[in-house]
Engineer: 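So that we are looking at the same thing, I have put the structure below in structure tokens.
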Amino acid sequence: MKTLVAIPARYASTRYPGKPLVTLKGPDGEKTLIRRSWEAATSVQGIDRVVVATDDSRIAEHARAFGAEVVMTSSDARNGTERCAEVAAQLPGYDIVVNLQGDAPLTPAWFVEHLIAGLAADPQADIATPVLRCDGRAVAGFLNDRRHGRVGGTTAVFGTGGRALYFSKEVIPYTGRDYAPDAPTPVFHHVGVYAYRPAALLAYPTWPVGPLETLEGLEQLRFLENGRPVLCVEVEAKGRQFWELNNPSDVAIIERMLAEAG
């Protein structure tokens, strides 16, 4: 299936303005967040095209300087999915459009590869997104973030066939238990990558923003609120750590993970 990867990036982040141009140190030197995310996207096997989608000239200029193709989008896009919808409208002819968010430079290539395969195998799903089973250490970290008012990870619950039931910035499902650091738990970390069928993606901006999307601040809830099937594809970390850059404090975490990954 012909596949396009779009990397939405905006400068005016509420929590972290200028985030795509933040420099992250790694074993390969200093590179910006958007460059590391682009490199993660280009490492995925079986894709046809990778573009950076932005409305900001500073991000566009920087992305072109390190060799990325840029698609300019409007400043009206309220989230990455709407920005990807603009890309899909400008670049028709793809069977799947992948949204690899510009704040996820640690996304392993196989996460995206399994996601594309999952959507291709499920013709009823409009969108697919990866989920990663948490161990006790990850759950404890999410709970600690929430106690201190920080947004850590998003969690997902799903039913038969991987159909998503809900996504939340709270830790769900509630278990009332403590887990050993390396013990598997029934909590799944939602990885912020999406694969869409173009028809559903192009329709997305026309749907009203519902109360759940408003409360949680999670763009994927618009699909659920409009009765559209979302497929959760379970992936394995294979020893790799995964973290998104949501807050300034995440820079040190991601730099440590880059060093450990080599």
Side-chain angles (χ1 to χ4, degrees), residues 15-16 19 22-28 31 33 36-37 39-40 43-44 100-115 118 128-194 216-218 220-221 230-262:
R15 284 179 289 175
Y16 200 166
K19 184 170 65 171
V22 168
T23 299
L24 296 169
K25 297 177 183 177
D28 53 354
K31 296 180 181 178
L33 174 62
R36 291 195 179 278
S37 298
E39 290 178 351
S43 71
V44 177
L100 194 155
Q101 301 194 62
D103 58 6
L106 294 169
T107 305
W110 63 86
F111 280 21
V112 183
E113 291 160 6
H114 291 173
L115 185 64
T129 191
V131 293
L132 185 66
R133 186 182 292 274
C134 294
D135 59 17
R137 183 180 296 107
V139 171
F142 290 165
L143 291 171
N144 184 61
D145 280 335
R146 298 307 297 130
R147 281 192 293 269
H148 291 86
R150 295 189 295 267
V151 175
T154 296
T155 58
V157 290
F158 49 91
T160 303
R163 285 291 185 268
L165 300 174
Y166 196 61
F167 299 88
S168 181
K169 290 178 181 175
E170 295 293 347
V171 180
I172 56 173
Y174 170 76
T175 69
R177 292 179 52 189
D178 292 325
Y179 296 90
D182 295 325
T185 77
V187 177
F188 283 84
H189 180 194
H190 170 242
V191 181
V193 185
Y194 305 95
E216 293 271 10
L218 296 174
Q220 68 270 31
L221 289 175
V230 177
L231 175 67
C232 291
V233 177
E234 185 173 355
V235 294
E236 295 182 5
K238 300 182 183 180
R240 283 275 296 274
Q241 295 175 294
F242 176 82
W243 202 262
E244 296 172 354
L245 203 159
N246 292 309
N247 309 287
S249 60
D250 293 328
V251 170
I253 295 172
I254 291 178
E255 288 183 336
R256 172 176 57 79
M257 290 179 176
L258 286 169
E260 291 174 356

Engineer: Has D28 got more than 12 heavy atoms of other residues, nucleotides or ligands less than 6.0 Å from its CG?
Structural biologist: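 Counting neighbours around CG of D28, more than 12 heavy atoms of other residues, nucleotides or ligands fall under 6.0 Å, so yes.
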Engineer: Do P186 and Y179 touch side chain to side chain, with heavy atoms closer than 4.5 Å?
Structural biologist: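 Yes, their side chains come closer than 4.5 Å.
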Engineer: Between E113 and V44, is there a side-chain heavy-atom distance shorter than 4.5 Å?
Structural biologist: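 Counting from C-beta outward, V44 and E113 do come under 4.5 Å.
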Engineer: Report yes if the side chains of W110 and P130 come closer than 4.5 Å at any heavy-atom pair, otherwise no.
Structural biologist: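 No, side chains not in contact.
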Engineer: Below 4.5 Å, heavy atoms only, C-beta onward: do F188 and E234 meet side chain to side chain?
Structural biologist: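 Answer yes - side chains close enough.
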Engineer: Spell out, as yes or no, whether a donor-acceptor pair under 3.5 Å connects the side chain of T129 to the backbone of C232.
Structural biologist: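 Judged by distance alone, no pair lies under 3.5 Å.
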Engineer: Side chains of F167 and L221: closer than 4.5 Å at any heavy-atom pair?
Structural biologist: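 Yes - at least one pair of side-chain heavy atoms lies under 4.5 Å apart.
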Engineer: Donor-acceptor pair, R133 side chain versus T185 backbone, under 3.5 Å?
Structural biologist: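 Yes, the answer is positive, given that a donor and an acceptor are paired below the 3.5 Å cut-off.
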Engineer: With a 4.0 Å cut-off, would you call D250 and R150 a salt bridge?
Structural biologist: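 Salt bridge between D250 and R150, a charged N being under 4.0 Å from a carboxylate O: no.
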Engineer: Measuring only between side-chain heavy atoms, which start at C-beta, is R36 closer than 4.5 Å to I254?
Structural biologist: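 They are not in side-chain contact.
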Engineer: Within a 6.0 Å radius of atom NZ on K25, are there more than 12 heavy atoms belonging to other residues, nucleotides or ligands?
Structural biologist: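 For K25, atom NZ is not crowded (no more than 12 foreign heavy atoms under 6.0 Å).
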Engineer: Using the side chain to side chain donor-acceptor pair (under 3.5 Å) criterion, which residues pair with E39? Sequence neighbours excluded.
Structural biologist: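 Scan of E39 (side chain to side chain donor-acceptor pair (under 3.5 Å), adjacent residues dropped) gives K31, R35.
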Engineer: V251 and L24: side-chain contact (heavy atoms from CB on, under 4.5 Å), yes or no, with the steps?
Structural biologist: CA-CA 7 Å; V251 170; L24 296 169; 3.8 Å; yes
